[in-house]
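Just so you know, these numbers come straight off a predicted model, no measurement behind them.
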Amino acid sequence: MTADDHGTGPLCLVTGATGYIGGRLVPELLAAGLRVRCLARSPDRLRDHPWAGRVEVVRGDVTDPGSVAAAMRGVDVAYYLVHALGTGKDFEETDRRAARIFGEAARTADVRRLVYLGGLTPYGVPERELSPHLRSRAEVGRILLASGVPTSVLRAAVVIGSGSASFEMLRYLTERLPVMVTPSWVHTRIQPVAVRDVLRALVGAVRMPDDVSRAFDIGGPDVLTYREMMVRYAAGANLPRRLILPVPMLSPGLSSQWVGLVTPVPASIARPLTESLRHEVVCREHDIARYVPDPPGHPVGFDEAVRLALRRVREARVSTRWSSASLPGAPSDPLPTDPDWAGGSLYADHRELCVDAPRASLWRVIEGIGGDNGWYSFPLAWAVRGWLDRLSGGVGLRRGRRDASRLRVGDSLDFWRVEEIEPGRLLRLRAEMRLPGLAWLELYAETDGSGRTRFRQRALFHPHGLLGHAYWWSVSPFHALVFGGMARNIARAALADTTPPTPQRVPAD
């Protein structure tokens with residue numbers, strides 16, 4: 001993919017552009033007059049972003065030296081915004097290897113600066129006592145600093161912004177539990193930072209002098225315990241005062257399972273977040289201001305950051321979410337129709353209906369599926385499947401939607417992810433729930449030969465082993481209820497739809 005207009009400023013390579021921070025950084029770099037190249041394993045996932053036509057996108061992976069070297073050619077500043085957390089027990093070694101590859105490629109390509117967003121580590125705590133998450137982040141920062149390329153390592157604690165995992169965890173814990181039994185880490189002091197200040201520092205790092213190569217602590221003006229953050233969030237959201245009862249024996253593992261049950265953040269992501277809260281994480285300096293001066297009103301305070309984030313949530317203007325990046329371990333194989341498909345068994349459930357409604361009405365219902373709008377099927381069956389997925393360590397149904405009415409490739413949608421979307425015609429979802437195989441759901445809005453609107457629905461399942469075959473045949477008796485009911489209810493909803501088409505909303509950060 002090649003941008004129509006690269007601009008004339010320095011060229012920035014952004015890794016992690018499909019993620020929460022990377023997806024917000026790209027438009028900020030463009031607004032600052034910089035050129036942007038994105039390195040992505042799945043370039044199509046960037047296709048529907050408002051800024052997609054203004055950047056260059058190359059296919060590659062930070063663990064592949066060849067693709068990283070190719071992506072570095074002609075680059076002035078390279079952003080390292082990826083990590084291997086959750087990919088398995090060896091994630092620290094994967095992070096270590098990827099950082100070395102990135103640093104060596106940058107040095108070979110004469111890149112002027114590396115910029116890395118890491119985690120704020122507690123002062124005076126031996127590294128061996130840190131959580132694996134923080135320990136790996138610290139090691140990656142050291143590797144990049146030792147690469148021979150001037151490097152800016154920005155270290156942040158809890159990032160407060162609409163859609164961030166930290167904010168979603170705080171938000172749902174506070175909103176859903178008027179009385180909370182909490183672990184001892186709610187008394188740990190933390191220095192949260194607003195996402196807009198993180199982005200400001202990342203963009204500003206481009207202009208740092210070549211003789212500056214070091215780590216910088218970045219944080220907001222408030223130092224709070226997690227308990228104080230919950231109390232102040234409740235006040236900012238106009239909620240009744242919460243009763244918080246700490247229980248010291250709740251381990252990080254148990255508390256992450258508790259967070260996973262109460263919030264949309266699954267335990268696999270909640271655990272590193274909670275483990276990182278065991279020690280005090282407070283900035284020891286604010287030297288970043290020497291090179292990226294604080295404008296009036298910055299750094300943004302905690303209460304203002306919460307207010308801004310809540311406004312974006314309520315106005316449905318969340319541009320990226322913690323789930324923007326693929327969940328570690330989630331399936332990513334292509335649909336069986338892909339020419340690279342390896343073959344094997346493929347089960348399908350196919351439904352087709354004529355709809356006495358305009359095709360545009362049918363498409364609005366299709367694109368609005370999931371989240372608060374539901375799945376137009378037997379609600380209890382979907383709820384049970386979601387809970388089973390959560391109990392097995394999956395994402396469940398609570399990830400919801402980024403936008404209530406619009407989807408783009410790469411969006412998470414409950415326990416699905418948008419794999420393909422052809423506006424007005426096709427929505428293809430790939431399952432990210434725990435399954436003994438791979439699954440897709442396709443929804444079509446079409447016009448038949450007589451000019452009538454036709455709805456077509458396909459559920460596809462590629463089983464893995466005997467367990468996969470057993471799974472399909474065990475649930476197939478319920479397909480008429482679940483998938484048949486979905487098709488009929490979508491058709492009814494399209495018939496009842498009288499909403500005029502709305503223009504595409506361009507989210508703002």
Thinking salt bridges, do Arg96 and Glu93 make one under a 4.0 Å N-O criterion?
yes
How are the rings of Trp416 and Trp375 set relative to one another: parallel (under 30°), tilted (30 to 60°) or perpendicular (over 60°)?
tilted
Steps toward salt bridge (charged side-chain N to carboxylate O under 4.0 Å, His left out) verdict (Arg45, Glu419)
CA-CA 8 Å; Arg45 288 191 48 196; Glu419 183 173 273; over 6 Å; no
Using a strict cut-off of less than 4.0 Å between a Lys/Arg side-chain nitrogen and an Asp/Glu carboxylate oxygen, indicate whether Glu446 and Arg359 qualify as a salt bridge.
no
Donor-acceptor pair, distance only, cut-off 3.5 Å: does the side chain of Arg312 make one with the backbone of Ser162?
no
Hits for side chain to side chain donor-acceptor pair (under 3.5 Å) against Asp64, two or more places apart or cross-chain, chain-then-number order -> Ser67
Residues two or more places apart in sequence or in another chain: which of them pass ring pair (Phe, Tyr, Trp, His ring centres under 6.0 Å) with Tyr376?
none
How close do Val149 and Ala106 get, counting heavy atoms only, and between which atoms?
CG2-C, 3.9 Å
Would Glu104 and Arg107 count as a salt bridge (charged side-chain N to carboxylate O under 4.0 Å, His left out) here? Give the steps.
CA-CA 5 Å; Glu104 289 169 7; Arg107 185 179 64 252; 5.3 Å; no
Applying side chain to side chain donor-acceptor pair (under 3.5 Å), can you list everything that pairs with Tyr444, at least two apart in sequence or on another chain?
Glu442
Check ion pair Arg137-Glu139 (N to O, under 4.0 angstrom):
no
Do Arg417 and Leu429 have side chains that approach each other closer than 4.5 Å (heavy atoms only, starting at C-beta)?
no
Could you name each residue pair satisfying salt bridge (Lys or Arg N to Asp or Glu O under 4.0 Å) that touches residues 69-81, not counting sequence neighbours?
none
Pairing residues for Ala289 by the side chain to side chain contact (heavy atoms under 4.5 Å, CB included) criterion, not counting sequence neighbours
His286, Asp294
Taking side chain as C-beta onward, heavy atoms only, is Trp440 less than 4.5 Å from Phe461?
no
Mind running side-chain contact (heavy atoms from CB on, under 4.5 Å) on Ser164 and Val195 for me, showing each step along the way?
CA-CA 9 Å; Ser164 77; Val195 67; over 6 Å; no
Side chains of Ser42 and Asp44, donor plus acceptor under 3.5 Å:
no
Residue pair Thr453 / Pro358: nearest heavy atoms and the distance that separates them:
OG1-C, 3.7 Å
I'd like to know if Arg196 and Glu28 make a salt bridge, using a cut-off of under 4.0 Å between side-chain N and carboxylate O.
no
Inspect the contact between Arg408 and Asp411 and indicate whether a charged nitrogen and a carboxylate oxygen are less than 4.0 angstrom apart.
yes
Minimum side-chain heavy-atom gap Val418-Arg430 below 4.5 Å:
no
Taken in chain and number order and not counting sequence neighbours, the residues that satisfy side chain to side chain donor-acceptor pair (under 3.5 Å) with Thr151 are none
Enumerate the residue pairs fulfilling salt bridge (Lys or Arg N to Asp or Glu O under 4.0 Å) with a member in residues 146-167, sequence neighbours excluded, ordered by first and then second residue.
Arg155-Asp217
Should Leu114 and Tyr79 count as side-chain neighbours, where that means a heavy-atom distance under 4.5 Å?
no
The criterion is side chain to side chain contact (heavy atoms under 4.5 Å, CB included); which residues satisfy it with Arg112, sequence neighbours excluded?
Val77, Val206, Asp210
Residues in side chain to side chain contact (heavy atoms under 4.5 Å, CB included) contact with Ile101, at least two apart in sequence or another chain
Pro65, Val68, Arg97
Of all residues at least two apart in sequence or in a different chain, which pass the ring pair (Phe, Tyr, Trp, His ring centres under 6.0 Å) check with Tyr116?
Tyr80
Heavy-atom closest pair, residues Val212 and Arg113
O-NH2, 2.7 Å
Of all the heavy-atom pairs spanning Val58 and Ala71, show the shortest one and how long it is.
CG2-CB, 3.9 Å
Answer yes when Arg200 and Asp197 have at least one side-chain N-carboxylate O distance shorter than 4.0 Å, and no when they do not.
yes
Looking at residues at least two apart in the chain, or sitting in another chain, which of them share a side chain to side chain contact (heavy atoms under 4.5 Å, CB included) with Ala69?
none
Test log, rule side-chain contact (heavy atoms from CB on, under 4.5 Å), inputs Phe102 and Thr15
CA-CA 10 Å; Phe102 200 78; Thr15 61; 3.6 Å; yes
Under 4.0 Å between a side-chain nitrogen and a carboxylate oxygen: does that hold for Arg428 and Glu420?
no
So, do Thr121 and Val281 sit near enough that their side-chain heavy atoms are less than 4.5 Å apart?
no
Kindly say whether Gly368 contributes a backbone atom to a donor-acceptor pair with the side chain of Asn373 at under 3.5 angstrom?
yes
Nearest 0.5 Å, please: how far is CZ in Phe455 from CE in Met486?
7.5 Å
Check: Arg135 side chain, Leu130 main-chain N or O, donor-acceptor pair, under 3.5 Å
yes
Answer whether the closest heavy-atom distance between the side chains of Val193 and Ile160 falls below 4.5 Å.
no
Looking at residues at least two apart in the chain, or sitting in another chain, which of them share a side chain to side chain donor-acceptor pair (under 3.5 Å) with His350?
none
Under 3.5 Å donor-acceptor, Arg401 side chain and Ile369 backbone:
yes
Apply side-chain contact (heavy atoms from CB on, under 4.5 Å) to Arg54 and Val36, showing your working.
CA-CA 8 Å; Arg54 301 173 58 200; Val36 177; over 6 Å; no
Val115: which of Leu81, Val153, Leu202 passes side-chain contact (heavy atoms from CB on, under 4.5 Å)
Leu202
Show, in sequence, the C-alpha distance, side-chain angles and deciding distance for Leu30 and Leu34, and conclude whether the side-chain contact (heavy atoms from CB on, under 4.5 Å) test is met.
CA-CA 5 Å; Leu30 292 171; Leu34 302 165; over 6 Å; no
So which atom in Asp414 and which in Gly371 form the shortest heavy-atom distance, rounded to 0.1 Å?
OD2-N, 2.9 Å
